[in-house]
A.B. asks: 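Have a look at the structure that comes next, please.
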Amino acid sequence: MINNIQNLNDIKSSQNDKKVTKIAESGDFASMLNDSLKELNKAQENADKAIADLATGEVKDLHQAALAIGKAEVSMKLMLEIRNKALSAYKEISRTQI
């Protein structure tokens, strides 16, 4: 049982290492942030379209509309938290005396 857990941990850490390597190879922080903002914008546009379809009665699949709206909400909350952390880090760095 413990060996199975250790194997799962090894698999998980190797997958995380691959993700970190992929992110590091993709470019600098600014381009990664820009890409994330573009994805957030697409999610918001999809949610807006789903809401408009719900309002007009043109929605074909209520479940997919709810998923699009939920995804946009979670993406926005994540981006706001990233912004808050970045601002907090900036303020902390600016308070540091050299």
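Reckoned from all heavy atoms, side chains included, excluding hydrogens, waters and symmetry mates.
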A.B. asks: If you round to the nearest 0.5 Å, how far is CD of Q44 from CD of E73?
C.D. replies: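 Here the rounded value is 9.5 Å.
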A.B. asks: Cut-off 3.5 Å, no hydrogens considered: what does the side-chain donor-acceptor table look like for residues 80-93, sequence neighbours left out?
C.D. replies:
{"unit_1": "N84", "atom_1": "ND2", "unit_2": "L80", "atom_2": "O", "d": "3.3"}
{"unit_1": "E92", "atom_1": "OE1", "unit_2": "R95", "atom_2": "NH1", "d": "3.3"}

A.B. asks: So, N34 and S31: side-chain donor and acceptor under 3.5 Å apart, yes or no?
C.D. replies: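 S31 and N34 do not have a side-chain donor-acceptor pair below 3.5 Å.
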A.B. asks: Which pair of non-hydrogen atoms, one from A47 and one from A72, has the smallest distance, and what is that distance?
C.D. replies: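 Scanning both residues completely, I find the closest heavy atoms to be CB-CB, 3.5 Å.
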A.B. asks: Would you compute the distance between atom NZ of K42 and atom NZ of K71 and round it to the nearest 0.5 angstrom?
C.D. replies: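 Output value for this atom pair is 10.0 Å.
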A.B. asks: Nearest 0.5 Å, please: how far is CD in E45 from CG in L40?
C.D. replies: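 Rounded to the nearest 0.5 Å, the CG-CD separation comes out at 10.0 Å.
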A.B. asks: Could you tell me the separation between the CD1 atom of I51 and the OG1 atom of T56, rounded to the nearest 0.5 Å?
C.D. replies: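 Reported value, rounded in 0.5 Å steps: 12.0 Å.
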A.B. asks: Should M32 and L37 be counted in the same cluster of Ile, Leu, Val, Met, Phe, Trp and Tyr side chains packed under 4.5 Å apart?
C.D. replies: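 Linked within one cluster.
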A.B. asks: Considering only heavy atoms from C-beta outward, does the side chain of S36 approach that of M79 to under 4.5 Å?
C.D. replies: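 Touching, per the 4.5 Å side-chain cut-off.
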A.B. asks: Kindly compute the distance separating CG (N46) from CG (D53), expressed to the nearest 0.5 Å.
C.D. replies: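 Between atom CG of N46 and atom CG of D53 there are 10.5 Å.
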A.B. asks: Transitively linked via ILVMFWY side-chain contacts under 4.5 Å: L67 with L78?
C.D. replies: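 No; L78 is not reachable from L67 via cluster members.
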